[in-house]
Amino acid sequence: MPVFKNAEDLNRVMFALWDAIKADKSMSSQLLRSKLTISFIYREPDSRLTLDCSDGEQLKVYIGETNFKPAVEMFMKSDLAHDFWLGKVNIPLALISGKISSKGPVNVALALLPVIKPAFKIYPAIYQSNIVEENG
Amino acid sequence: MDPFVFHTPTKITFGQGVAASACDAIQEIPGCRIVLITDKQLLKTDLVNYLIAQWQAQNHICVFSDVLSDAHLTGVNEAVRLAKNEKCNAIIALGGGSVIDTAKVVNIILTLGGEALDHQGMNNLTSRLLPSVAIPTTAGTGAEVSLVAMIKDDIEGKKLLFGSPFLAADQAFLDPELIVSLPAGLTAATGMDAVTHCIEALVVEGTSSPITDCLALDALNRLFKHLPEAKKDGRNLEARSQTLVASTMAGMAFSSCGVGIVHALSHAIGGQFATHHGMTNAVLLPYGMRFNLGFATKRYAEMARYLKVSDKENDSVAAQKLIDSIENLISDLGLPKNLRSLSVPELDGEKLQQLVALASSDPAMIFNTRQATEKDIVKIYEDAY
Ligand SMILES: NC(=O)c1ccc[n+]([C@@H]2O[C@H](COP(=O)([O-])OP(=O)(O)OC[C@H]3O[C@@H](n4cnc5c(N)ncnc54)[C@H](O)[C@@H]3O)[C@@H](O)[C@H]2O)c1
Ligand SMILES: [Fe+2]
């Protein structure tokens with residue numbers, strides 16, 4: 001059974017998570033400094049989430065197709081994304097084994113891993129409140 | 001035991017003179033037209049000329065030899081143009097890491113279309129590539145079996161990473177006779193690249209396995225024993241064979257588990273100042289090892305005992321002995337010991353910041369056993385200067 005029943009569940013959780021990251025000055029300021037544009041392309045359920053830090057001022061989050069090509073694209077199963085935010089994924093192994101694949105200068109995205117690590121702590125609560133309670 | 005993945009798709013043929021039969025490996029393709037990628041230096045050697053003449057007598061082969069050291073994007077694009085004009089459907093790479101990496105990315109574009117930058121990244125290739133053979137002439141990078149290619153983007157001054165199991169050559173021919181013409185300095189430098197692959201593969205975090213450990217440890221032992229001989233007497237075919245096979249084994253190891261901080265720092269320097277990859281690794285290796293020491297003491301100690309540079313001492317003494325013996329090896333090989341000797345200009349201000357940014361975002365860094373801050377990287381560069 002996938003962790004997310006459908007794309008709406010997945011999108012709601014990821015949107016809420018990125019809202020929280022946006023609100024956290026220390027994480028968002030470092031992300032904005034990178035000026036990165038990155039899409040996460042999820043499978044099972046399928047969805048696409050794009051972050052746009054390109055103007056260095058406002059972190060924008062889009063669900064679905066965008067009218068610009070992101071610098072980096074990361075592809076993974078939605079379940080893996082969930083485990084990632086729980087801090088349970090061995091990223092080097094996931095990259096080597098192909099569980100996560102990427103297009104573009106993946107190094108730019110990997111360098112930001114330490115920046116978003118604090119979000120691992122807030123993810124379980126965000127997941128709970130956007131999935132379990134809604135459904136329960 | 002922790003979970004792991006080990007992947008090595010290449011058929012390996014070793015022996016004196018085996019390169020001559022490299023074409024047989026892809027000849028069965030109907031209407032086979034081969035693009036042979038090599039470099040100008042190699043075209044000056046008798047053996048390479050003899051081989052090409054032999055192959056051309058029986059096959060349609062066009063030769064591309066404008067590969068520069070460090071595999072530049074321009075070389076990739078020119079080779080693609082030639083191969084497309086000649087309607088080539090198979091690739092032979094005959095050369096060092098620069099040639100083999102160029103051939104890999106040429107193959108991506110010939111098979112999947114588009115430009116190199118469209119395919120940059122990890123595991124995004126969607127299908128097998130054209131049949132390919134790699135014949136290394138250095139020992140070496142292990143690129144003949146590795147699942148990655150690094151290409152230098154001349155404009156940005158950085159290395160682009162391509163990674164996929166489809167990038168491994170279908171067949172690798174390891175022929176020690178081809179390494180005989182490699183000059184002593186490059187023998188030492190390329191050998192130290194292989195040594196660095198072994199040591200970094202043995203201390204990576206979360207991706208190593210009994211298989212990678214076994215390959216890297218045995219390869220390290222062969223390199224320790226035979227690299228000084230290969231450098232001293234380039235015609236010593238046993239020493240050439242041992243170092244060649246060791247570099248391939250090291251390539252199989254790091255392909256499945258990654259490298260570490262030495263490669264990350266070295267890629268940044270090589271991208272900016274066109275230093276030789278193996279030579280730069282040799283300079284940075286003792287510094288990288290000291291940085292990781294507290295996190296890799298046990299592994300270093302195991303290596304020291306395997307290499308018989310330590311016997312009954314405790315782990316921290318044994319680990320220190322490994323670093324000492326690496327420094328001795330670098331001295332014996334007559335390799336430079338600091339970045340200044342590689343003609344790297346004084347590192348300060350904006351240039352240093354740029355290097356630090358490149359090194360800290362290098363993909364090799366995520367495999368390193370100890371997380372390095374920007375301050376740590378500055379310190380290593382300053383110490384190594
Ligand atoms: N794909 C991988 O897994 C991998 C791993 C490590 C390094 N690399 C890459 O490999 C490149 C370095 O490759 P390298 O160290 O093999 O050197 P190289 O291919 O750049 O060759 C260095 C010089 O040696 C000459 N040469 C090579 N073989 C010779 C021979 N037998 N006789 C005489 N001259 C010879 C070449 O003409 C060249 O001038 C770098 O671009 C590095 O990033 C790739
Ligand atoms: Fe290397």
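To find a chain, count down the sequence lines: A is the first, B the second, and so on, and within it residues start at 1.
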To see if you've got the definition right, give the donor-acceptor pairs under 3.5 angstrom between chain A and chain B.
from: A/Asn90; atom 1: ND2; to: B/Gly206; atom 2: O; distance (Å): 2.7
from: A/Leu95; atom 1: O; to: B/Asn123; atom 2: ND2; distance (Å): 2.7
from: A/Ser102; atom 1: N; to: B/Met122; atom 2: O; distance (Å): 2.8
from: A/Ser102; atom 1: O; to: B/Met122; atom 2: N; distance (Å): 3.2
from: A/Ser102; atom 1: O; to: B/Asn124; atom 2: ND2; distance (Å): 2.6
from: A/Ser102; atom 1: OG; to: B/Met122; atom 2: N; distance (Å): 2.9
from: A/Gly104; atom 1: N; to: B/Gln120; atom 2: O; distance (Å): 2.8
from: A/Asn107; atom 1: ND2; to: B/Ser361; atom 2: O; distance (Å): 3.4

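- From B/Phe273, atom CZ reaches atom CG of B/Leu347 across 5.5 Å, with rounding to the nearest 0.5 Å.
- Both the backbone and the side chain of B/Ile366 have a heavy atom closer than 4.5 Å to some heavy atom of chain A.
- A heavy-atom distance below 4.5 Å is found between the side chains of B/Met252 and B/Ile12.
- Only the backbone of A/Ile100 comes within less than 4.5 Å of a heavy atom in chain B; its side chain stays farther off.
- The side-chain heavy atoms of A/Phe4 and A/Ile131, taken from C-beta on, include a pair separated by under 4.5 Å.
- In this structure, A/Ile126 and A/Trp85 have side chains that are not in contact, with every pair of non-hydrogen atoms separated by 4.5 Å or more.
- No side-chain heavy atom of B/Leu160 sits less than 4.5 Å from a side-chain heavy atom of A/Pro105.
- To the nearest 0.5 angstrom, A/Ile41 atom CD1 is 4.0 Å from A/Phe75 atom CZ.
- Of the listed residues A/Ile91, A/Val72, A/Ile96, the one with more heavy-atom pairs under 4.5 angstrom with chain B than any other is A/Ile96.
- Between A/Arg48 and A/Tyr62, the closest side-chain pair of non-hydrogen atoms is not below 4.5 Å.
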